[in-house]
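Let me begin by presenting the structure, written as structure tokens, before commenting on it.
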Amino acid sequence: MKTKKVVARSGRFTQGPSDVVARYTESVSFDWRLWRQDIEGSRAHARMLARQGMLGRGELREILRGLDEIAAEIAAGKFRWDEVLEDVHMNIEAALTRRVPAGAKLHTGRSRNDQVAVDLRLWLRDEIGSLRGVVRGLQKSLVELGERHREVILPGYTHLQRAQPVYVAHHLLAYVEMLERDQSRLADAGRRVNVCPLGSGALAGTTLPLDRAFVARSLGFRDEGGRPAMTRNSMDAVSDRDFVIEFCSAAALLAVHLSRLAEDIVLWSSAEFGFLRLEDAYTTGSSLMPQKKNPDVAELARGKCGRVVGNLTALLCLLKGLPMTYNRDLQEDKERLFDTADTVRETVTVLAEMLRHAAFRGEACGLAAKDPQLLATDLADYLVLRGLPFRRAHHVVGELVARAEAAGVSLSQLSLEDYRSVHPLFARDVREVFDLKKAMGRRRLLGAPGTREMGRQLDFWKKNLRKVLV
Ligand code: ARG
């Protein structure tokens, strides 16, 4: 059996881990991404130790300088990560102690268990902020696309069958609404992320006189009132990954929304629908069929949603059987979290960009929207307004639809006599029902796809999306 030197281990061990164990247990190959947060946390912890008299002024200066040097090396890609040192925390601490003897005091009153929790919380806090920014960008793309095609109407569908006419903008704003709820879920998750676990030690705190509030304040962990936000229970603090799961859950729902949008894009850009034109740069060709222009970006957005949902499931399974408190299983949280964050951020970004360069084909949309059957419900409403109970009106119009179908004409092409023979309440003005512009004007309720309401909603979002995110 080959073993590594005893580097990451204490006096307890006579042997380092075997090669396979080192490889199996290391996390530095992925948790190196936490280096900024790890150094930031160490800086705050060291300052606090100095204030509390557990680190000399000179020692603090040395440690801060050492951490700066390490940060610069990592940023320049010159730092040598060592798998034998297991994780980002041990790698940085070992590098510090190698150059600064006082580095050996940095871990005073701290455990990797509360250290990894603080690193993750800092990382996720930033990530949520940047994700919310790109989601804003996608919302803006959708609003702008709707605005650019303010006049365009297309069929709304249920069961993927033509149902009733809607403005393109109304359809797009449905996604803006979904994304706004995602925003609020992310913000809400962010509030619970922003709590400082440092001072919890391995699981049971420490006997040393740490100043937790100072550390929390230095790292920007604050509640809504600006007070330092700290975990209240050391055991909970080192074993809790709710905050990771909450984020991954909000991200999974966001991914589901992106996937639905992607599906609409795939359908709309097909020859069968022909509603949407994607710019060449956002499509791909076929290696065999020269004519093909495929919506691969949208398909991948749909496909990647599966990964994000899978990550959430993996995390829930990871946590469900864990006894209190920290268990090494928890190391498995990072790849799922990083993958989720990367995947949703990239998907949102590419969809936003693609839609900024997309255009609706007004003619194809108009042709589809002109289908008189889309206004069959308006025809029933016409009778209702003249006193007929809706169920009767529904039946009457159903009969007219069947008649038109049998005659091979459209609903609006039937003669007034045909209409009147099915029900005498029909008069000459029934023709107006099929005037699409007027029909869109009749949809006046809050939330309806009518002309005025669509304009109001577009204006609402244009104003709202300008606001800075909190
Ligand atoms: N790499 C570990 C993780 O990601 C850090 C904490 C290790 N703690 C321990 N007691 N082994 O969870």
Side-chain angles (χ1 to χ4, degrees), residues 4 6-13 15-18 20-42 45 70 74 79-97 106-127 193 195-206 215 219 231 234-245 247-248 311 314-342:
K4 299 277 180 193
V6 189
V7 198
R9 300 196 165 194
S10 66
R12 170 74 177 73
F13 295 90
Q15 259 186 334
S18 84
V20 265
V21 169
R23 218 168 312 123
Y24 189 68
T25 57
E26 69 83 28
S27 56
V28 70
S29 56
F30 48 87
D31 69 15
W32 68 270
R33 284 180 67 166
L34 298 171
W35 69 268
R36 274 181 212 283
Q37 292 72 24
D38 199 70
I39 288 178
E40 199 187 338
S42 286
H45 185 67
I70 292 170
I74 300 174
F79 188 82
R80 270 207 49 231
W81 299 102
D82 186 351
E83 178 186 278
V84 179
L85 291 167
E86 276 186 28
D87 53 27
V88 60
H89 326 292
M90 297 288 262
N91 267 267
I92 292 176
E93 193 189 327
L96 179 71
T97 313
L106 181 61
H107 216 47
T108 307
R110 190 175 72 170
S111 156
R112 271 186 296 161
N113 298 353
D114 57 357
Q115 190 178 359
V116 70
V118 82
D119 289 7
L120 265 187
R121 284 172 180 272
L122 288 170
W123 185 88
L124 190 49
R125 189 174 71 186
D126 284 355
E127 190 57 37
V193 168
V195 181
C196 188
L198 271 188
S200 303
L203 79 159
T206 170
V215 176
L219 293 173
T231 51
S234 62
M235 295 177 79
D236 179 39
V238 295
S239 59
D240 164 39
R241 291 296 181 272
D242 295 11
F243 67 94
V244 174
I245 292 187
F247 168 75
C248 287
N311 287 341
L315 285 167
L316 288 166
C317 293
L318 176 68
L319 224 63
K320 72 175 265 298
L322 288 190
M324 287 285 265
T325 55
Y326 179 84
N327 297 273
R328 191 63 177 270
D329 315 43
L330 291 176
Q331 180 168 292
E332 287 288 306
D333 60 357
K334 277 160 222 70
E335 287 161 293
R336 305 284 58 87
L337 172 62
F338 293 156
D339 185 61
T340 290
D342 293 343

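Just follow the structure's listing: the first ligand is 1, and inside any ligand the first atom is 1. The shown structure was predicted, so the numbers you read here are calculated from the model rather than taken from an experiment.
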Checklist entry - Going by distance only, is there an N or O of Arg241 that falls short of 3.5 Å from an N or O of ligand 1? => result no
Checklist entry - Less than 3.5 Å between some nitrogen or oxygen of Glu86 and one of ligand 1, yes or no? => result no
Checklist entry - Is there a nitrogen or oxygen of Ser27 sitting under 3.5 Å from a nitrogen or oxygen of ligand 1? => result yes
Item to check | Main-chain N/O of Asn113 paired with His89 side-chain donor or acceptor, under 3.5 Å | outcome: no
Checklist entry - Which protein non-hydrogen atom lies closest to atom 11 (N) of ligand 1, naming both residue and atom, and how far is it? => result Arg112 NH2, 3.7 Å
Checklist outcome for this item: One finds that the ligand 1 atoms under 4.0 Å from a non-hydrogen atom of Tyr326 are 2 (C), 3 (C), 5 (C), 6 (C), 7 (C), 8 (N), 9 (C), 10 (N), 12 (O)
Checklist entry - Backbone, side chain, both or neither: what part of Asp333 comes under 4.0 angstrom of ligand 1, heavy atoms only? => result neither
Checklist entry - With a 4.0 Å cut-off, would you call Asp87 and Lys334 a salt bridge? => result no
Checklist outcome for this item: The protein heavy atom nearest to atom 5 (C) of ligand 1 is Asp87 OD2, 3.4 Å
Checklist entry - Nearest protein heavy-atom contact for atom 8 (N) of ligand 1: which residue, which atom, what distance? => result Asn113 OD1, 3.0 Å
Next on the checklist: Atom CZ of residue position Arg80 - does it have more than 12 heavy atoms of other residues, nucleotides or ligands inside 6.0 Å?
Outcome noted: no
Checklist entry - Numbering the atoms of ligand 1 from 1, which are under 4.0 Å from a heavy atom of Gln331? => result 1 (N), 2 (C), 3 (C), 4 (O), 12 (O)
Item to check | Pair Arg112 + Glu93: basic N to acidic O under 4.0 Å | outcome: no
Checklist entry - With the threshold set at 4.0 Å, does a side-chain nitrogen-carboxylate oxygen contact exist between Asp329 and Arg241? => result no
Next on the checklist: For the backbone of Gly205 and the side chain of Ser200, can you confirm whether one donor and one acceptor N or O come within less than 3.5 Å of each other?
Outcome noted: no
Checklist entry - Does Gly201 offer a backbone N or O that forms a donor-acceptor pair with the side chain of Asp114 under 3.5 Å? => result yes
Item to check | Subset of ligand 1 atoms that lie under 4.0 Å from at least one heavy atom of Lys334 | outcome: 3 (C), 4 (O), 12 (O)
